[in-house]
Amino acid sequence: MYYEIFILGVIIFGIMFATGQISFSKLISDNEVLFRKLKESDWDFYVKAKYGNAVNPDILFNKRIRNGLIAMLVAFFWGLTSGLSAIKIVIVVAAGYFTFKITYSDLKNYYKKHIFEIDQLLPHYLKSIEILIQHYTVPVAIGKSINDAPEIFKPGLEDLINAINSGDDTINPYMEFAKTYPVRDSMRMMRLLFRLSLGRQERKQEQLLTFSKSISSLQQKARETRYKNRLDKMESMTMKMLITTGVGVMIILILAVLQMINL
């Protein structure tokens with residue numbers, strides 16, 4: 001009987017949503033001040049890190065609210081199948097909260113993976129820039145590097161070059177690139193590039209030497225990080241194997257003891 005109520009309730013609410021009699025959009029807009037208190041302080045940053053300006057963080061946040069409410073509604077009807085209790089009410093709230101948070105967690109994990117990839121690729125890209133700067137000015141070298149640059153940097157490099165070509169000769173385009181890829185020493189490296197673009201020809205070799213030393217240091221740090229991650233992964237796999245082997249041995253010993261007792 002309870003399952004019939006659950007199915008009937010879901011169908012009725014589905015029809016009401018489809019016909020517009022109940023609107024999640026209106027519910028969210030009417031309670032926007034309340035729902036905004038659930039918004040994480042770094043939500044906009046993570047959305048822009050993955051989608052750029054292609055996605056509005058507020059619209060995506062409203063979708064999270066809607067999905068959480070739907071999950072709570074479905075869990076509520078499920079709870080009615082055998083009568084609501086305090087535990088089921090907690091489950092209803094947890095289902096909504098989990099559904100609401102899952103998108104944020106996915107974006108955060110993407111950002112961490114994205115940043116690690118950038119952190120490993122940036123020193124190698126800067127090395128190619130260093131070689132080009134020996135023959136060209138900094139803006140020309142950056143422009144020539146775009147085709148061979150890692151795909152992950154191309155949008156930021158195009159924005160950088162477009163800003164310079166439009167007449168912006170300040171440090172702002174370089175800093176915008178560093179903010180787009182906020183990894184280890186990116187701000188400092190962009191400042192060095194900007195100084196190179198302003199430097200006189202007689203000081204170019206001196207500035208290039210400083211730039212080259214900084215790149216070498218970044219490459220060394222990137223190698224150390226990569227090796228450390230590999231070592232941590234191997235240690236983790238070794239621990240899992242040891243734990244699995246230990247549990248297996250314990251189970252065999254317990255079974256052997258039980259068999260001896262039965263004899």
Side-chain angles (χ1 to χ4, degrees), residues 1-119 182 229 232-233 235-248 250-251 254:
M1 178 63 181
Y2 288 112
Y3 286 102
E4 286 82 352
I5 294 174
F6 169 69
I7 295 171
L8 182 61
V10 171
I11 292 173
I12 291 173
F13 271 90
I15 294 173
M16 294 177 75
F17 288 132
T19 57
Q21 297 179 50
I22 296 178
S23 173
F24 274 120
S25 299
K26 189 175 185 306
L27 175 63
I28 293 171
S29 61
D30 290 344
N31 299 275
E32 185 173 1
V33 176
L34 176 63
F35 288 132
R36 281 291 177 268
K37 293 180 179 179
L38 298 173
K39 187 177 179 180
E40 299 84 358
S41 60
D42 50 3
W43 167 252
D44 289 3
F45 173 77
Y46 286 135
V47 172
K48 289 188 178 297
K50 183 172 183 179
Y51 301 108
N53 295 321
V55 175
N56 188 319
D58 291 334
I59 293 176
L60 193 58
F61 181 77
N62 289 343
K63 288 182 179 179
R64 290 176 61 199
I65 296 290
R66 182 199 64 190
N67 293 340
L69 292 174
I70 291 174
M72 289 181 67
L73 192 60
V74 172
F76 175 76
F77 281 119
W78 165 79
L80 290 177
T81 57
S82 57
L84 283 175
S85 63
I87 294 177
K88 287 189 176 180
I89 291 174
V90 172
I91 293 174
V92 168
V93 175
Y97 183 77
F98 174 79
T99 305
F100 170 74
K101 277 289 187 180
I102 190 67
T103 304
Y104 173 75
S105 298
D106 288 343
L107 283 177
K108 195 171 183 178
N109 290 334
Y110 169 84
Y111 177 75
K112 289 179 179 178
K113 183 179 178 181
H114 185 68
I115 287 299
F116 177 77
E117 182 181 359
I118 293 170
D119 205 23
N229 287 337
D232 290 343
K233 188 174 181 179
E235 289 178 350
S236 177
M237 291 177 63
T238 302
M239 286 300 298
K240 288 178 181 178
M241 290 175 61
L242 289 174
I243 292 171
T244 303
T245 303
V247 171
M250 288 295 296
I251 292 173
I254 291 172

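Position 1 is the first residue of the sequence, and the numbers go up from there. A quick note: this is a predicted structure, and the numbers were derived from the prediction, not measured.
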(message) Once you measure the plane-to-plane angle for F100 and F61, does it fall in the parallel (<30°), tilted (30-60°) or perpendicular (>60°) bin?
(response) perpendicular
(message) With a 6.0 Å cut-off (strictly less than), is the heavy-atom count around CZ of F98, excluding the residue itself, greater than 12?
(response) no
(request) Work out which heavy atom in A95 is nearest to a heavy atom in A75; give both atom names and the distance. (result) CB-CB, 4.1 Å
(request) For the residue pair D58 and R36, establish whether any side-chain heavy-atom pair is separated by less than 4.5 Å. (result) yes
(message) Between E40 and Y46, is there a side-chain heavy-atom distance shorter than 4.5 Å?
(response) no
(request) Could you tell me whether the side chain of T99 reaches within less than 4.5 Å of the side chain of I70, counting heavy atoms only? (result) no
(message) Quick test of your reading of the model: are K108 and D42 salt-bridged, counting only N-O distances below 4.0 Å?
(response) no
(request) Test the K101-Y104 pair against the cation-pi criterion, namely NZ or CZ under 6.0 angstrom from the six-membered ring centroid and within 45° of the ring axis. (result) yes
(message) Within this structure, what is the CG-CG distance for the pair N62 and N67, rounded to the nearest 0.5 Å?
(response) 11.0 Å
(message) Counting C-beta onward and ignoring hydrogens, is there a side-chain heavy-atom pair between L107 and Y51 closer than 4.5 Å?
(response) yes
